Student: 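Here you go, one structure.
The sequence lines fix the lettering, A, B, ..., with proteins before strands; numbering per chain opens at 1. Small disclaimer: the values here were computed from a predicted structure and weren't measured.
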Amino acid sequence: MSGSKPDILWSPHHTDRYVICDSELGLYRIGPVGSAENKVGALLLSDETAATLLAINSDTPYMKCVAWYPKQEPECLLAVGQANGRVVLTSLGQSHSSKSKELLGKEFVPKHARQCNTLAWNPVDSNWLAAGLDKHRADFSVLIWDISSKFSPEASVVTEKNRLPSGDIDSGMVVTKPLYELGQNDACLSLCWLPRDQKLLLAGMHRNLAIFDLRNTSQKTFVNTKAIQGVTVDPHFPDRVASFFEGQVAIWDLRKFEKPVLTLNEQPKPLTKVAWCPTRTGLLATLTRDTNIIRLYDMQHTPTPIGDETEPTIIERSVQPSDSLIGSFAWHPTTQNRMVVVSAANRAMTDFTVFERISLAWSSTTSLMWACGRHLYECAEEGGGSWEGAVEKDIATKMRQRAQSQYGHDTVQVWMNHMLAGGDDPQLKSLWFTLHFMKQYAEDMEQKQQSSKQVLVYSGIKNIVKSSSGTTENRRCWSGSERQANVLWFHSEERSLALRLCGWISQGPDIDVEPFLRSLEGDGEWERAAAVALFNLDIRRAIQILNHGASSEKGDINLNVVAMALSGYTDEKSSLWREMCSSLRLQLHNPYLVVMFAFLTSEPGAYDGVLYESSVAVTDRVAFACMFLNDTQLPRYMDKLTNEMKEAGNLEGILLTGLTKDGVDLMERYVDRTGDVQTASFCMLKGSPGEVVKDPRVQCWIENYRNLLDAWRFWHKRAEFDIHRSKLDPSSKPLAQVFVSCNFCGKSISYSCSAVPHQGRGFSQYGVSGSPTKSKVTSCPGCRKPLPRCALCLMNMGTPVSNCPDTRHGTGTSDEKVDLTRNNKLSHFNNWFTWCHNCRHGGHAGHMLSWFSDHAECPVSACTCKCMQLDTTGNLVPSDSL
Amino acid sequence: MDLHILDHRLRVTSICKNGLVDFTHPLIKLIFLRNRTRCKFFSLTETPENYTVVLDEEGFKELQPSEHLQVEGSVWLPLNVVSNGNASSSSQAVGVTKIAKSVIAPLAQQHVSVFMLSTYQTDFILVREKDLDVVIHTLEEEFTIYREVGGECSAVLSQEVHNGFQKNGKEAHQLTVHPVLIPLNHFCVMSLDPDTLPAIATTLIDVLFYSNSPKEGTLPSQDQDCIKFFSFSLIDGYVSLVMDTEAQIRFPADLLFTSSSGELWRMVRIGGQPLGFDECGIVAQISQPLADSDISAYYISTFSFDHALVPEEDIESVTAMLQQKRNEPAC
């Protein structure tokens, strides 16, 4: 503080007042900008706050340190330590209380003059003021003054010897007899009272930290260290103390005072101030010389299961309150993380709030939560039917709903899955139809035992048409007219397979699109139906469809106009019709109407207007290409389109890629874009060649989807998925992990497990024995000794659970037992055998479930195992209960 | 009580009066430009004979060899007694007196030569580096000995030096009784905030370097009874000044720190001939009787003579005591 270096002190009781001390003391009041009292002479501290200078005190020269009286009254009493060791009580502003009059101007003078380094008021007994002084060979360096003491008689009896002029002492106000004298022949650089006891004083002495106990002044606890400056107690942990030396901060635990619990990274410049944040636990702010940043250390003790030996995690941050070099700073006593900073040079002040780090977490169900300071914010997706459609739902919500509606599980009518998914996503629709057609075809081929084609169908149209051979080309006639159409029409077996996969034609050798047209009409897709009809060179049917469309309820009346235009088709190259159609078609809104006219007006073999109309479904474009592109054009187009689809991650492209590596690439793009691992998992599981499923990306999607189901507590869904998966991908069946062996003979009691060890999924996986053996199920198949008893019903395992004891007793259990088929007995979950892996007690799953629904401890008497608490998920309820 | 062996390696030098002009630059740098030098231990004492400069090796580099510069050959280590807070404060006597019995007398018995340097803040006992083993061995019973290295204290364990240990010469050494001189000046021991050093720079330079220039108003008679003595030290950032009242009045009163009682001191100069550095027991023969009478003292050794400062009210008894010693048959 000598000379230019300023310091700031907040008033202990007025949260809007602070004092800046450099060569003089200045009292400021901080308030919002523009409030009436702040208008004149207000200094802007931030966008919202300004400070007004209330009073200045320049009575005390050679100030070295200042401490604010901690009690409410007198409110603005300051103790100032001077360069010559004197401590003066002074004040800012007017105070009329008699107590303050009595105290003001009082001086406390040490026997031997030397610099006063630090001052500390006792927080409990506010009459006690500790002063830390520099070294003197014969004097004490820690003096505790009682400010209420009357001036000592010694001072008034000035000896008449030849004395040095000792300044203008107003002897009436001078106290020379301290209450306590500590630290002889030592220097004291910093002081603070310990909150543990009002008589404990921690002092940073020359080369050591010492705790003085005023109850027994001859004793002191001390530790040798260099870090002796700026001792300060953490207001939130009374045993945690920070001190510093040059660039290094040491954190001490007074309970283990031998060495610092940690030292913070050394900073290149010497530190000038270290302060704990009073409003936030474990936050320490440090300031070095000649810098414009304040470095913050966030020390959080996180209890670890290994014990408390671990050091606390420290997060280091820097904040820059303003551009100028910082002279000093002070935390606001009550407002969270707020501080006022004063610049080193011109006493410019900044009101600054340290922004709290934000930690953020997604829940597994779309909501988002973040914590900032003492606030916790949750952001949830807006639910409710009325909002649906306004914003697209989050994929997690969609996947959750789809999981609940059994999406992906329809293995017979595969296309139905898109309806289960909500039926509103064209890409999913295309995907599931493609998979449906692939499966259909594969099944057909299976019947015909043409397994090679079965594989081919899953490799996508791109590969199918590449393998094409024996393409025939012919000029087709417009049906219903004798006119020769001016188009070449290609046909081959592979091309018709492609058409079938596109859904245009169904099973059979004929190219008959009529059923497809009818289904499209039925769906009200008039334009598309008309286009398909036209591409099949049935212009009359097309016109007819359009007329239907125009007359139907939802159809567009303008379709009639389109029909009229269509009916005027002429293949005259230079006709007006052709000219107008080719230019005006672009103004049509419906892409299918556009491509219809594009088809009619284009040159033979040059159908770019159709093929590259991206609004037209990929299936239709591919089918079109298969009909009208020759063997050189077609693969080129397929490649181009495939790349386009892969680039976009468009699921319609699965038609082209099939479930190949290309397909996985495409799906990867789709997952990257949407996050829909659910569709990806189900889709790739359909792949007949196992290689696709083995792709690590696919495995990753599947595992993530399973984790997602677990996170949603959709355990039944997860199990269903696992079952579904193991059907489609037998390699995913997990190996048996648990075997139950007989206590007597040591053999596995699970017959099937021992016989076929690696297929024992199901029961054995969950540690439940039971298998259809010929032996009696209540006894070991090996030695025929009885199985263990259920801890609750005391029956041997294998006997069925009696769910309703009342009725059982009435009607006789034996009858019912007979009624139950063996299969029923074993598969019924309640009959499964389960046990605690810790205490090894167990019994029927049903009994255990009901026992642990209201007990935490093992049902076996004298066993104190807290079985249920060992199971971290045991207390969670599945959210998809069947 | 703790004894700290401080982390300074010191040289004791002397600049003769007429050679001072060659050294004013390094001296001013060492005194006033603390930030420009890495010297942590600097003491300059002016006596009528010469200027004694005690400084660490960093400071010693600043002094150019010259015919006017005499250097004592050894490296000296400063020892410092820390009372550790447990010492009873019953004895009001301070300074050399306090450590006379515990440090100085045992070292004298072991024939270890000491060089004393008292300051406002503390007393430094300088011993030769080669004597350190003897010192540790001698004092380890009384003290916990710490050695400061790089700012960290570490306890010095007793080295088993029995075989290599030799007592410095004969024990029952005949002590020479040196003549003493008691000038009439009153001295004061003061300190100063190092930040205010610039404020007194001109006065300090004047007092230090121009003391021989004739001043108006000085009475020639004073020269016979008073001696010129001025000491300035800047050690680990602490300033200590010893000067007579004559010099003191030239400084601004509010900048210098001293005791609130404003005590004054009288000097006892020991030695008629330059004492040299090898004779031991000189400090002991003065401090021992002072300790017996519980009289406070400062003790400042210089290149040629030793100086003890005692409270002015005790000078009568000290004089009598020294006189009595002189008359005693040497034992």
Student: What residues form a side-chain contact (heavy atoms from CB on, under 4.5 Å) with R347(A), not counting sequence neighbours?
Tutor: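 I20(A), D22(A), E24(A), Y28(A), V342(A).
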Student: Assess the residue pair Y120(B) and H136(A) against the criterion (ring pair (Phe, Tyr, Trp, His ring centres under 6.0 Å)); give the C-alpha distance rounded to whole Å, side-chain angles, the decisive distance to 0.1 Å, and a yes or no.
Tutor: CA-CA 6 Å; Y120(B) 186 76; H136(A) 183 270; 4.4 Å; yes
Student: Name the region of D236(B), side chain, backbone, both or neither, that has any atom closer than 4.5 Å to a heavy atom of chain A.
Tutor: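 When you check distances to chain A, no heavy atom of D236(B) falls under 4.5 Å.
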Student: What part of F245(A) lies closer than 4.5 angstrom to a heavy atom of chain B: side chain, backbone, both or neither?
Tutor: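 Contact with chain B is absent: no heavy atom of F245(A) under 4.5 Å.
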Student: Taking atom CZ of R215(A) as the centre, does the number of heavy atoms from other residues, nucleotides or ligands within less than 6.0 Å exceed 12?
Tutor: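 Counting neighbours around CZ of R215(A), more than 12 heavy atoms of other residues, nucleotides or ligands fall under 6.0 Å, so yes.
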Student: List for me each residue that meets side-chain contact (heavy atoms from CB on, under 4.5 Å) alongside N117(A), sequence neighbours excluded, and say none if there are none.
Tutor: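 With neighbours one apart ignored, the set is Q115(A), D134(A), L189(A).
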Student: So what's closer than 4.5 Å to chain B heavy atoms on P61(A): side chain, backbone, both or neither?
Tutor: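 Neither part.
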Student: Any chance the rings of W145(A) and Y180(A) have centres within less than 6.0 Å?
Tutor: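 Between Y180(A) and W145(A), which both carry aromatic rings, the centre distance is not below 6.0 Å.
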Student: Quick one: what part of S240(B) sits under 4.5 Å from any heavy atom of chain A, side chain, backbone, both or neither?
Tutor: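 For S240(B), there is no contact with chain A at all, as no heavy atom is under 4.5 Å.
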Student: So what's closer than 4.5 Å to chain A heavy atoms on Y238(B): side chain, backbone, both or neither?
Tutor: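 Side chain only.
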